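Just so we're on the same page: letters track the sequence lines, and every chain starts at 1. Model, not experiment: these values are computed from the prediction.
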Amino acid sequence: MANERDTPDTEQAPRTGESRSWLWSLLIGLLILGAIATIPLLGDATALRTWTTIIMFVVLAQSWNYIGGFTGYSAFGNVVFFGLGAYTTGLVLLAGQPFWLGLLLGGIVAGVFAFLIGLPVLRLKGHYFAIATLGTAEAMREIFTVRDVGGGGGGLMSLPLAGLDTDTAFFFGFLALALLGLLITVWLTRSRFGYALVAIRESEQAAEALGIPTFRYKVAAYVLSAIPTALAGGLYGYWSVGFDPPTVFNVGISVELVLLTFLGGAGTILGPILGAIAFELVSYQLQISNISIHNTLLGLSITLVILFLPQGVLRLVQEFTRGSSMPGAVVVPLARDAELSKGRQRYKAFTEGMRRVRRFIAANGI
Amino acid sequence: MDLGQVVVNWLLLGSLYAAIALGFSLVWGIMNIVNLAHGAFILVGAYVAFTLYDKLHVDPFVAVIFCMLTLFVIGWLVQFVALNRVIRAPLLVTLLFTFGLDLLVTDLLQVIFTSDRRTINTAYANVGLDIGTTHIALDRVLAAVVAILLTAALSAFLARTRAGNAILATGMDRDAARLMGINIRTTYALTFGLSAALAGGAGALLAELYPFEPSIGGAFTLRAFVIVVLGGLGTPWGVLAGGLVFGLAETVVPLIPNVGPGYDNAIAFALLVLVLIFRPNGLLGRQFYS
């Protein structure tokens, strides 16, 4: 019968893979977030604070994933939205208004800013786009310092302490944002908008030819990445009670969140989450071990990972489990394989997977 | 403000900026790599010059040669060992890699030299020519002259020597160059080494003129980027042109009433976006580096 011969599992949608892998990713993501949600129960204040920071980076990485991973436009200046969110929320709080209003306004301000900046900057490609966004972050940092927006000299801002059991409340605030980010990412992998973004990444000209309004979607993706970043910024601002431009407009944060998403696997659902958790934990271990050269080690680890795993860990996992890594290839199970026992078949698949992984790592580079 | 002083400042600053951006332009034009660690290389050059002056009392302008040699070796090693692997990787990978390198080098500098601001104070630091109210500082003139000499030297090297021609050929079409018998790995290593050497030379020049510390590397990289975009990829003279235009902006904008100093990065960014919108090829941009 015609529908017995299913189309072979070809690599036409490399990032979304088989038809139900998104569901698995969603479930695993929920599991991870759920496991993290139990951290406050441990009663360890340091662990709580560490994990709050980790979750914050998860949110930031997920947001970057929209513009960088799905659309393929590597924005190196997303920290500018973080800073805008922090400062807007701070100003609202200083004016005596409620916190949620500050967050809301922060999101709106960042969204509008992303729209306005996106109009000229998203016409650029590749290096130019990356450095233009980098320049935005640097320029805003400078403007906020020189104009002394926070009022404390050099843009420093000091806020009143939050009322509730502070650390736990903020922890769950960030966790809620992370959950929202997960849901939005899953939605992107299933919606027309998301597919259009992936099309733009793979070939912008082809996407245009297919009738996708690329520019509009690019700007939309950029604005989408700006809003959760700003919300995270607002939360962070209130949580740290005081901050200054070099902290919240820190380009290092910007590049770090690119790296996190990248390590985990850009354009995937779980990539940002895994990358953020793994990298931040390592970074934290390096920091508390009191080695004075921890930044050096960080830089070293970045370069090493980039050299050997330029497409992220998740891609490695996909490579291992996938039938074939060549796009358009047909996977035909060899007839003689069926004669082997089940255990033997699984062992063969395992070694074949390892071989593919090794080839994959070796192939990256010249 | 005195017009003469403004013009003098502009010309001297602009030429110096050219030195900063030369290496960056070379590596971008030939290898299509945006080297985010360029600022760090400049700083290494500055610190080497500083150490030479501090311990051995070598004049910074003489130290330029030594800094260039040191950075050449470093650049060669980096390219040979690491960068070679990511040269065909997508853009993001090379950017992240050079960023990691930048982090590494900056932190090493911070550990070795601490974040104290350093500068070199030579005996002739305040010597200058005074024409009316315009003060032309000797060290700035020397730095500008060295910068222009470096630009001319690079241009001549690329056009007239075999190695230079090999670099240009590799930049035009790597596979055709390989077919002609050019060793790509060595050529790329040479290019990157040269770029690092130019950065080191710029660093040595800067060490005498401005105070520096490990954290200002990023500002250099951003400026180098804007200058190269302004002047256009394709020729060392474009870098000089870009440097002069950038110098003009930096000298003139703070003079506008109500603006004041401190907006350096904002100016750089605004210029960048304007150029990319209105004249994406820059002033003297060409398709192939020559």
A/Leu124 versus chain B, the contacting section by heavy-atom distance below 4.5 Å: side chain

Proximal component of B/Leu96, with respect to chain A [non-hydrogen, under 4.5 Å]: both

Contacting moiety of B/Asp102, where chain A heavy atoms sit under 4.5 Å: neither

Part of B/Val273 lying under 4.5 Å from any heavy atom of chain A: side chain

Residue, of B/Val105, B/Leu36, B/Leu95, that accumulates the most heavy atom pairs under 4.5 Å with chain A: B/Leu95

Least distance between heavy atoms, B/Phe269 atom then A/Ala132 atom: CE1-O, 2.9 Å

Region of B/Val226 in contact with chain A, defined by heavy-atom distances below 4.5 Å: neither

Proximal component of B/Phe225, with respect to chain A [non-hydrogen, under 4.5 Å]: side chain

Nearest-0.5 Å distance, CD1 of residue A/Ile131 to CG of residue B/Leu222: 7.5 Å

